[in-house]
2 protein chains.
Amino acid sequence: MVHYQTRLDTTFAALSDVTRRGVLERLGNSDASVTDLAQRFHMTLTGMKKHVSILEQAGLVTTEKVGRVRTCKLGLRRLEEEAAWIEQHRQLWSARFDALDELVEHLKRKEKADAQRKRR
Amino acid sequence: MVHYQTRLDTTFAALSDVTRRGVLERLGNSDASVTDLAQRFHMTLTGMKKHVSILEQAGLVTTEKVGRVRTCKLGLRRLEEEAAWIEQHRQLWSARFDALDELVEHLKRKEKADAQRKRR
DNA sequence: TTGATAGTGAACCATATGGTTCACTGTAGA
DNA sequence: TCTACAGTGAACCATATGGTTCACTATCAA
């Protein structure tokens, strides 16, 4: 259970940075070298390397080094856990708002009834 | 566009902490005061207050202070953007893995054909 | 009125994060 | 072989984060 928590931690943290989300989108188009990514995001090689490492750590990206270039591609994890977590909470949210809607409807009906009673 | 990015930033960052995800789950059951939450998560009032503020900032929680107690409840945002982002990328992932599957199938067929050709 | 309770804000602390530079290794090509 | 290029790692820096304590305000209840 703790493990599960930690994984959500690292994934959400990985996703909380614009650059890293950008890298994921970029890799959605095609694989890219670290240099490609560094240039695209106006950053030093070292800086980009760190981002790539974090994404790799989170399992969102895999890399392979052939010759002197390291190629990055989308990783094996498909964000299923994260999607599940968010979906679960969206449902919770929805359920509560539905309840609120019902309450509002109930109050409206009551108000209407009161008004009619008064009129008589 | 930048605004969109920033919002995803803050939400994902808000979600990347175990305690804060815990608070959201807790609030899914029922509303709670800051003191309730602080006790439940073994933390000082001040500490919990900070978490609540972050969740509020991200729009995931709303609070109302009546008398001396501030009650927290699930906020108006329903994580739709975040779900959309993740869903979009899950599809990307899936698409790429499907392509991989096809490639594998193709190679299998080729291999089989080669084997048959060899046998003759 | 007085004492306990709930929250707030400022200051502080240790550690994490996102970035850099610099020195280095390994590889590709002329 | 020599040079340029891709990546790596260590050191450093500024700022953010997650937490604390302490002093304060406001409210509730006896």
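In what follows, every heavy atom counts, from backbone to side chain, and hydrogens, waters and symmetry copies are set aside. All chains are named by letter (A, B, ...) in the order of the sequence lines, taking the proteins before the strands, and each is independently numbered beginning at 1.
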Separation of dG19(C) C1' from His42(A) NE2 (nearest whole Å)
16 Å

Of all the heavy-atom pairs spanning Leu37(B) and Cys72(B), show the shortest one and how long it is.
CD1-SG, 4.1 Å

Whole-Å distance separating the CZ atom of Phe12(B) from the P atom of dT17(D)
16 Å

So if I take every side-chain heavy atom of Ile54(A) and compare against dG19(C), dG18(C), dT8(D), which nucleotide ends up nearest?
dG18(C)

For the side chain of Arg68(B), starting at C-beta, report the closest nucleotide among dT20(D), dT27(D), dT8(C).
dT27(D)

Under a 3.5 Å threshold, yes or no: a donor from one side chain and an acceptor from the other, between Glu56(B) and Thr63(B)?
yes

For Arg26(B) against Ala32(B), the heavy-atom pair lying closest together
NH1-CB, 3.5 Å

Between dG19(D), dG18(D), dA11(D), which nucleotide has the shortest distance from any of its atoms to the side chain of Lys50(A)?
dA11(D)

Which of dA6(D), dG19(C), dT8(C) is nearest the side chain of His51(A)? It is dG19(C)

Between Ser16(B) and Asp9(A), what is the shortest heavy-atom contact and its length?
O-OD1, 3.2 Å

Let's see if you can work this out: which of dT21(D), dT8(D), dA11(C) has an atom nearest to the side-chain heavy atoms of Leu45(A)?
dT8(D)

Just compare dA6(C), dG19(C), dG18(D) and give me whichever is closest to any side-chain atom of Val69(B).
dA6(C)

For Leu15(B) and dG18(D), give me the distance from atom CG to atom P, rounded to whole Å.
12 Å

Output the rounded distance in Å from CD (Gln57(B)) to P (dA16(D)).
14 Å

Side chain of Thr44(B): nearest nucleotide among dA11(D), dG18(D), dT21(D)?
dT21(D)

Could you state the CZ-P distance from Arg70(A) to dT25(C), rounded to the nearest angstrom?
18 Å

Would you indicate what Gly67(A) reaches in the nucleic acid, counting non-hydrogen atoms under 4.0 angstrom: base, sugar-phosphate, or nothing?
sugar-phosphate

Asp17(A) has an atom CG; how far is it from atom C1' of dA16(D), in whole Å?
13 Å

Rounded to the nearest Å, what distance is computed from the CE atom of residue Met43(B) to the C1' atom of nucleotide dT17(D)?
12 Å

Quick one: does any side-chain atom of Arg20(A) pair with a main-chain N or O of Leu15(A) as donor and acceptor, under 3.5 Å?
no

Would you say the base of dG9(C) and the side-chain of Lys49(B) have a donor-acceptor pair closer than 3.5 Å?
no

Go through the N and O atoms of the side chain of Thr46(A) and the base of dG19(C), and report whether any donor-acceptor pair is under 3.5 Å.
no

Length of the line joining Lys65(B):NZ and dT5(C):P, which is rounded to integer Å:
17 Å

